[in-house]
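To keep things clear, I will list the structure first and then write my remarks on it.
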Amino acid sequence: MSEEKYIPKSKIGQWFDSRLPLLSLMHHLRDYPTPKNLNYWWTFGAILTFCLIAQIITGLVLAMHYVAHADLAFESVEHIMRNVNYGWLIRYFHANGSSMFFLAVYIHIFRALFYGSYKSPREMIWILGMLIYILMMATAFMGYVLPWGQMSFWAATVITNLFSAIPFIGESIVTWLWGGYSVDSPMLTRFYSLHYLLPFLIFALVILHIWALHIPGNNNPVGIDIKQPSKDTVPFSPYIAVKDLYALIIFLIITAGFVFFAPNILSHPDNYIKANPLVTPTHIVPEWYLLPFYAILRAVPSKLGGVIVMFASLFILMFLPWLDTSKVRSAVFKPLSKLFFWVLVIDVVILGYIGANPPEGLYLLIGRVATIYYFLHFILVLPVLGYKEKTIPLPISISDPVLGGQPNISTTRSREDIKEKQHD
Amino acid sequence: MINKLKIFFVILIFLFSSGLKASEKKTPFIDTNWNFKGIFGKFDRGELRRGYQVYSEVCSGCHSISQLSYRNLYEKGGPEFSIENVKQIAASFDVLDGPNSDGEMFTRPGRLPDKFVDPYPNIESAIAANGGAYPPDMSVLAKARKDGPAYIYSLLQGYVEPPKGYELDEGVYYNKYMDGNQIKMPNVLFDDLVEYEDGTKATTEQMAKDVSTFLMWAAEPNLEERHKLGFRVILYLVILALLVYFSMNRLWSRIESKK
Amino acid sequence: MSSSYLILTTIIIFLLIFLYISWIFISNEIENKKETGERRDFLYTASYALGAVGLGAAVWPLVDQMNPDASVKALSTTEVDISNIDVGKSITVLWRGKPVFIRRRTQEEIIESQNTKLTELKDPQKDQDRVKKPEWLVMLGVCTHLGCVPLGGKGDYKGWFCPCHGSHYDKSGRIRKGPAPTNLPIPKYEFVDNNTIKIG
């Protein structure tokens, strides 16, 4: 970050900024040199920040009316939908906003996978991102329990029961989580408390995530290092800010489509039945964004094995910067990696589809194959491909492609040059 | 561009994959035209009023609708009966109130803010009175089943003779559209069962349609407002997107020219 | 009344903060424009204006949801059966969560209240202006000092006496002695018929 120190124009500004450099921070954010070749896949960071703030605001407003007790929760949600001014709008926005939040986070993660944004020196950004993702899933899971519908109750029962798979202490942990001998009001109230808390932890991690990003600066579609600032960068405001805003508006149009015209299409009708401990729904399914993990969980025949493998599928992602041995970041220049990227995408979609169906017959078989392939991708494909793949030569700078034509031999660099550059 | 499209469709499939279920042999529901479907969907006031009549004369003996208040019947977006009419409807029910200054509970005629009175004092008595099955509360029933209104509409007309050799348990009836084909609720709709106040002929199909629409409103009383606001919001966002898009291009043209 | 002003002030303050922050971001662009000599930015102005409108419209539901909801508003009127109240007796009913005193006054109480000199009153108000039918006194049983519920038939003026800080009200519910500044408030009410009062 080779920027000149910012001096506020007014005396008050200088007094304030010398004691708490908020004005300097705002100016850094305004002028932050961003690669000028970023495409729309890079707008999802800003979209995600909006989603987080929107969920927090709609959530805390819902919390003014929701009652977290087993006897009253379901009715309090109906009270919000029917009586609270614009309650239906805020509730549908919060519920569908959660789905859109995950849609955005998956696009954001797959962008990182494709363009190698997790590779050195951005490993911390990636790890923080994974922690944010895990907290998001915990938050969403607990949020889904709050309406106390059939799916809320039974998803809570199934997932908390998983902990009983832990040898020796498993049962005690489950009783401790429940605060009782089954899922009931005590668990609901503690889930409410944690559901309110976790988003603020996520917010803190997001600040760290952005801070870690601003050290090396953004990655870009071509994946080569650039100097900041330079003719390869533009100040964040207004250029990137406007682009993020445009992308956000399109994202909001899609969100509005769900909220206003299909608000229940992504959720399960059984959640409009009040929780009944004596009746289990025919098919217990989580929300769509948790389906791939649900498939992995049920692919393994043993209970403990399923839990371990499911958590492993998450934690293996943490090690991605070290599993991927390629010296080239962006899949634009790695045709084989690009192919396997799409195979992974299809694999995850298949896992999602399997998660929505009962774990038997052909579904179970495909689920097992897809789970094994998922792990193979990270443990086998990526490391091997990193060494073996013949990559397309990289351009020297990101301005070059704009000059037209394919980069010719003289403007490309050898692997050795690239290795030096990346260890700067 | 092709890649963007690929990704878009992959995500779309992902999103809707939870809706795709195994090909369980289910009889498809009876097809009919629903006024409230689609982005310009609205409720037909006549259907809602007739539907209320069916609910009140046929269903309410067993099925509660406890999240509805009597005042909902005159509020905008619903059957929109006159307020005087609704006061009378409410007053025709006995509501439990109290304790009074003697410490006793008492009943009084219903008022507008009261919730709809339940046919049974508690769930256990509802189950006991209906052969061991609980007649579900109807407040959100239309959202609690996949294709709720179509399901209710078909189920009410789906009572037929069981196929030859089919074993039917005691106190259970055969219905084409019920999951598992066995249902504890008997057939309740017969032609001309109700005399509609607006003079419409009360065929079984008509009553099924009207009560299904009524139940859809009961589950989603804000449907019309939601559609109206949604149209305006999306129109606004599209216009804003266009303005921002052109602003963005104008801004970025500086970069191209400054090479 | 004052709560709406408070909300309005808060919104204006937030708007100003928002405008200041956006000015910091925009000022960069204005410098650039001077360099490139760009033409009038009607497009930008229109975008900002439309955006601000949308932001305001989006904020409104978040503010409005704190206003009384439909179920609370439905309970904002209460009908009271007064046919069983004898002369010289009072009842207390709950309306919008607060006590309302309904007293069927005796002739002596009415005459005494009507004849009170206005100069003797801390908050001058004619008895006739406090009742629709002189026999029926309908007022909020909330002391205007700090909100306690006064006790009936007590106090130096044999009206109501508030035990919290010693405010004395007369037979018309007017403040006579003590820290309370104004008379016991009269809510909006009407006689639906001779036996029923609708409050609110």
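Just so it is clear: chains get the letters A, B, ... in the order the sequence lines come, proteins before strands, and each one is counted from 1. In this text the structure is predicted, and so the values were computed from the model without any measurement.
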| message | Less than 4.5 Å to any heavy atom of chain B: does that hold for the side chain of Phe74(A), its backbone, both, or neither? | response | side chain
| remark: Taking every heavy atom of Ala256(A) against every heavy atom of Ile234(B), the minimum-distance pair comes out as CB-CG1, 3.7 Å
| Among Ala262(A), Gly355(A), Pro263(A), residue most engaged with chain B (heavy-atom pairs, under 4.5 Å) | Pro263(A)
| query | Can you tell me if OH on Tyr86(A) sees more than 12 non-hydrogen neighbours from other groups inside 6.0 Å? | reply | no
| said: Could you measure the distance from the CG atom of Leu251(B) to the OH atom of Tyr239(A)? Nearest 0.5 Å is fine. | reply: 6.5 Å
| message | Less than 6.0 angstrom from the centroid, inside 45 degrees of the normal: does Lys36(A) satisfy that with respect to the ring of Trp252(B)? | response | no
| query | Taking the six-membered ring where the residue is Trp, are the ring centres of Phe261(A) and His227(B) under 6.0 Å apart? | reply | yes
| message | To the nearest 0.5 Å, what is the distance between NZ on Lys243(A) and CG on Asn249(B)? | response | 10.0 Å
| message | Applying side-chain hydrogen bond (donor to acceptor under 3.5 Å, both in side chains), can you list everything that pairs with Glu224(B), at least two apart in sequence or on another chain? | response | Arg45(B)
| Asn122(B) atom CG: more than 12 heavy-atom contacts under 6.0 Å | yes
| query | Side chain, backbone, both or neither: which part of Ile250(A) has an atom under 4.5 Å from a heavy atom of chain B? | reply | side chain
| said: With a sphere of 6.0 Å drawn around CZ of Phe231(B), does it hold more than 12 non-hydrogen atoms of other residues, nucleotides or ligands? | reply: no
| said: With heavy-atom distances below 4.5 Å as the criterion, would you say the side chains of Glu220(B) and Trp88(A) are in contact? | reply: no
| message | With a sphere of 6.0 Å drawn around NZ of Lys42(B), does it hold more than 12 non-hydrogen atoms of other residues, nucleotides or ligands? | response | no
| Structural part of Phe110(A) lying under 4.5 Å from a heavy atom of chain B | neither
| message | For Ala218(B), which atoms come within 4.5 Å of any heavy atom of chain A: side chain, backbone, both, or neither? | response | backbone
| Are Phe260(A) and Glu225(B) close enough that some pair of their side-chain heavy atoms sits under 4.5 Å apart? | no
| Out of Asn264(A), Ile273(A), Asn271(A), which one pairs with Lys143(B) under the side-chain contact (heavy atoms from CB on, under 4.5 Å) rule? | Asn264(A)
| query | Which region of Ser66(B), side chain (C-beta onward) or backbone (N, CA, C, O), has a non-hydrogen atom less than 4.5 Å from a non-hydrogen atom of chain A, or is it both or neither? | reply | neither
| query | Between Val140(B) and chain A, which part of the residue has a heavy atom less than 4.5 Å away: side chain, backbone, both or neither? | reply | both
| Contacting region of Asn83(A) [heavy-atom separation from chain B under 4.5 Å] | side chain
| note | Between the OH atom in Tyr236(B) and the CG atom in Leu252(A), the distance rounded to the nearest 0.5 Å is 10.0 Å
| request: Could you look at Leu229(B) and say if it's the side chain, the backbone, both or neither that has a heavy atom under 4.5 Å from chain A? | output: both
| message | Please find the pair of heavy atoms, one from Met81(A) and one from Asn222(B), that lie closest to each other, and give the distance. | response | O-ND2, 2.9 Å
| request: Please flag which part of Leu248(A) lies under 4.5 Å from any non-hydrogen atom of chain B: side chain, backbone, both or neither. | output: neither
| request: Heavy atoms only: give me the nearest Gln67(B)-Glu78(A) pair and the separation to one decimal. | output: OE1-CB, 3.8 Å
| Side chain, backbone, both or neither: which part of Arg71(B) has a heavy atom under 4.5 Å from chain A? | side chain
| What's the spacing between Tyr246(A) OH and Met248(B) CE if we round to 0.5 Å? | 6.0 Å
| Looking at CZ of Arg82(A) and CG of Leu68(B), how far apart are the two atoms once the value is rounded to the nearest 0.5 Å? | 5.5 Å
